[in-house]
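See structure below.
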Amino acid sequence: MKKQKSHWMVSSIFMCFSFIGIAQNPIIRNQYSADPSARVFGNRVYVYPSHDILATVGKGRKDWFCMEDYHVFSSDNLTDWTDHGIIIQQNKVPWVRPESYSMWAPDCLERDGKYYFYFPSTPKDTISYGKGFSIGVAIADKPSGPFIPQTSPIKGVRGIDPNVFIDKDGQAYLYWSSRDLFGAKLKKNMLELDSEVKTLGNLPTKGLKEGPYVFERKGIYYMTYPHVENKIERLEYAMSDNPLGPFTVMGTIMDESPTGCWTNHHSIIEFKNQWYLFYHHNDYSPTFDKARSVRADSLSFNSDGTIIKVIPTLRGIGVSSAVKEIQIDRYSKISEKGTSIAFVDALDNFKGWKTVLSNSGAWVQYNTVDFGKNPLKTIVVKALSATGGTLQIRTNGLNGVLISEVKIPESTSWQNIKVPVKKFEKGIQNLYILLKESNKQVEVDWISFE
């Protein structure tokens with residue numbers, strides 16, 4: 001009991017709250033994040049990702065995955081995300097080697113009012129637990145913690161990427177990976193296996209499989225997983241009428257990264273009658289794919305239950321408020337010529353991106369902006385331009401309703417330019433930003449309405 005009290009106190013110290021997200025990809029914008037396990041608890045979505053950090057001398061393995069703790073994030077609207085702070089640290093878990101930096105992909109599930117957080121890491125006692133990875137559990141009374149880790153990992157489980165699933169009959173299952181994918185029943189205490197470990201068959205044998213995630217929809221059990229057939233992971237799925245298979249491979253959920261990010265890792269949830277895919281990409285670290293960022297996009301099914309392939313977007317999910325900063329660089333569509341995206345500050349990628357319009361008629365489309373019901377009188381554009389230029393802000397298409405024209409003065413530094421709104425369009429609208437003149441270049445950080 002003394003140990004439990006100590007862990008509770010330590011976990012509580014690291015609980016903090018900050019608002020970090022907006023309705024765009026990536027959804028986590030204050031740190032690197034990967035391997036998102038999204039869960040619906042009550043009226044909120046909670047995301048439990050791993051936390052990439054950059055290895056340094058004496059801290060992790062250079063040029064490899066480096067992770068020492070876990071955060072949890074939540075939102076009730078998929079737009080505003082709260083960072084609830086650190087919930088588990090490697091040097092606060094009794095069985096984990098404290099300098100392992102191997103707190104890889106986790107999962108979390110609720111049962112009987114308790115929240116069970118599953119995570120892999122490297123044990124310090126290799127005689128008892130063997131070499132490689134084991135999987136442990138931490139328990140909390142709330143989805144945001146504080147979580148109290150168990151003193152030892154789950155007996156009989158060796159591997160990474162734990163995933164938990166509770167069927168409609170109340171039976172719980174644990175899945176994990178170690179080259180192959182494995183599954184077993186869990187006892188009601190959610191801490192011990194209640195069956196023999198089963199290697200899940202009828203799945204691809206070529207290349208690496210990992211990151212299992214199981215869910216049920218309309219009596220169909222979906223086994224979803226990243227798979228490296230060639231050099232880069234793509235997200236695939238198989239279907240069954242049983243949580244432990246056998247499964248029938250059906251196809252691809254998301255293709256390989258076009259920019260070369262080696263890994264992908266995901267979860268799938270239904271929230272307010274819409275399904276979503278949470279995954280990761282190396283948005284903030286385009287030249288180093290071991291520092292990744294969590295994304296989310298909508299997911300849909302065909303009438304026969306098969307999954308419609310998800311095309312990754314920058315716009316992401318959720319409704320953007322017109323009175324908040326709208327990062328138009330997370331566009332829905334852009335013109336083929338004259339529009340490009342770049343980091344605002346090449347020395348600090350977490351400051352985000354800017355949109356560069358450099359040709360007459362260059363444009364950006366940003367969908368699903370809520371203008372509310374009350375008239376908005378002013379538009380604010382954070383921009384800079386060495387040449388000056390004029391932006392047209394419209395709704396309902398490039399030739400649609402002209403909300404305002406914004407003259408951007410010549411400047412080598414960022415300015416907030418305010419101009420009146422000419423015509424107000426209430427409700428949810430798609431927004432269009434267009435550069436009016438030729439031989440001009442305007443850089444836009446964000447726009448907002450007042």
Side-chain angles (χ1 to χ4, degrees), residues 34-38 50 65 104-107 109 118-120 132-135 154 156-168 171-186 193-257 261-269 275 277-280 299-302 304-310 312:
D35 312 318
S37 175
S50 52
F65 302 106
W104 289 13
D107 196 7
L109 206 60
Y118 297 78
F119 59 96
F133 280 81
S134 295
I135 291 174
I154 302 173
V157 177
R158 299 286 307 283
I160 60 173
D161 301 341
N163 165 239
V164 276
F165 168 72
I166 299 178
D167 204 358
K168 289 179 289 187
Q171 178 62 58
Y173 298 83
L174 177 69
Y175 305 88
W176 65 95
S177 62
S178 182
R179 302 298 297 183
D180 278 315
L181 302 185
F182 302 91
K185 292 182 179 180
L186 277 173
L193 298 187
D194 199 25
S195 72
E196 293 184 355
V197 175
K198 182 176 182 179
T199 302
L200 302 178
N202 293 358
L203 297 175
T205 56
K206 179 183 177 182
L208 172 69
K209 299 184 298 295
E210 57 180 358
Y213 186 87
V214 171
F215 68 97
E216 182 271 340
R217 177 182 178 270
K218 295 184 178 180
I220 298 173
Y221 298 91
Y222 294 79
M223 165 60 72
T224 66
Y225 52 91
H227 175 214
V228 180
E229 186 176 54
N230 296 306
K231 294 182 178 181
I232 297 173
E233 288 184 343
R234 65 172 175 249
L235 301 182
E236 300 178 356
Y237 75 105
M239 297 163 62
S240 178
D241 59 2
N242 187 289
L244 291 175
F247 291 93
T248 300
V249 174
M250 301 303 298
T252 300
I253 301 172
M254 178 175 284
D255 287 326
E256 295 92 335
S257 162
C261 184
W262 172 42
T263 66
N264 202 349
H265 190 112
H266 69 294
S267 56
I268 296 172
I269 62 168
W275 288 84
L277 172 71
F278 288 75
Y279 61 104
H280 70 231
L299 178 141
S300 300
F301 298 84
N302 292 306
D304 62 357
T306 55
I307 296 174
I308 299 172
K309 185 186 293 186
V310 177

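Just the heavy atoms: all of them, side chains too, but no hydrogens, waters or symmetry mates, feed the values below. Along the sequence shown, residues carry numbers from 1.
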Exercise. Centres of the Tyr225 and Phe247 rings: under 6.0 Å?
Worked result: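 They do not qualify: ring centres at least 6.0 Å apart.
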How long is the gap from [atom1] on [X] to [atom2] on [Y], to the nearest 0.5 Å?
X      : Y      : atom1 : atom2 : value
Met223 : Asn202 : CE    : CG    : 12.0 Å
Asp167 : Glu216 : CG    : CD    : 6.5 Å
Asp304 : Met239 : CG    : CE    : 6.5 Å
Ile268 : Thr224 : CD1   : OG1   : 4.5 Å
Cys261 : Ile232 : SG    : CD1   : 8.0 Å
Phe119 : Asp161 : CZ    : CG    : 14.0 Å

Grab the two heavy atoms, one from [X] and one from [Y], that are nearest each other, plus how far apart they are.
X      : Y      : result
Pro226 : Glu233 : CB-OE1, 3.4 Å
Met254 : Arg234 : O-CB, 3.3 Å
Ile166 : Ala172 : CG1-CB, 4.0 Å
Leu200 : Leu203 : O-CD1, 3.7 Å
Gly159 : Ile135 : O-CG1, 3.6 Å
Pro212 : Ser177 : CD-CB, 4.0 Å

Problem set entry | Non-hydrogen side-chain atoms of Pro204 and Glu236 separated by less than 4.5 Å |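 The answer is yes; the side chains approach within 4.5 Å.
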Exercise. Is any side-chain heavy atom of Trp104 closer than 4.5 Å to a side-chain heavy atom of Ser50?
Worked result: no
For this session: Classify the angle between the aromatic ring planes of Trp176 and Phe182 as parallel (below 30°), tilted (30 to 60°) or perpendicular (above 60°).
Result: parallel
Exercise. Can Leu208 and Arg179 be said to form a side-chain contact (heavy atoms from CB on, under 4.5 Å), step by step?
Worked result: CA-CA 6 Å; Leu208 172 69; Arg179 302 298 297 183; 3.7 Å; yes
Problem set entry | More than 12 heavy atoms from other groups under 6.0 Å of CG on Asp241 | no
Test item: [X] side-chain N/O and [Y] main-chain N/O as donor-acceptor pair under 3.5 Å:
X      : Y      : answer
Lys309 : Asp255 : no
Ser300 : Ile308 : no
Lys198 : Leu244 : yes
Asp107 : Ser37  : no
Gln171 : Leu186 : yes
Asn163 : Val214 : yes
Tyr173 : Pro243 : no
Ser195 : Ala184 : no
Asn264 : His280 : yes
His227 : Thr252 : no

Exercise. Could you walk me through whether Leu235 and Leu277 pass the side-chain contact (heavy atoms from CB on, under 4.5 Å) check?
Worked result: CA-CA 10 Å; Leu235 301 182; Leu277 172 71; 4.2 Å; yes
For this session: Report the C-alpha separation of Leu299 and Ile253 in whole Å, then their side-chain angles, then the decisive distance to 0.1 Å, and conclude whether the side-chain contact (heavy atoms from CB on, under 4.5 Å) test is met.
Result: CA-CA 9 Å; Leu299 178 141; Ile253 301 172; 4.1 Å; yes
For this session: Using the ring pair (Phe, Tyr, Trp, His ring centres under 6.0 Å) rule, pick out the option among Tyr175, Phe301, Tyr213, Trp275 that qualifies with Tyr222.
Result: Phe301
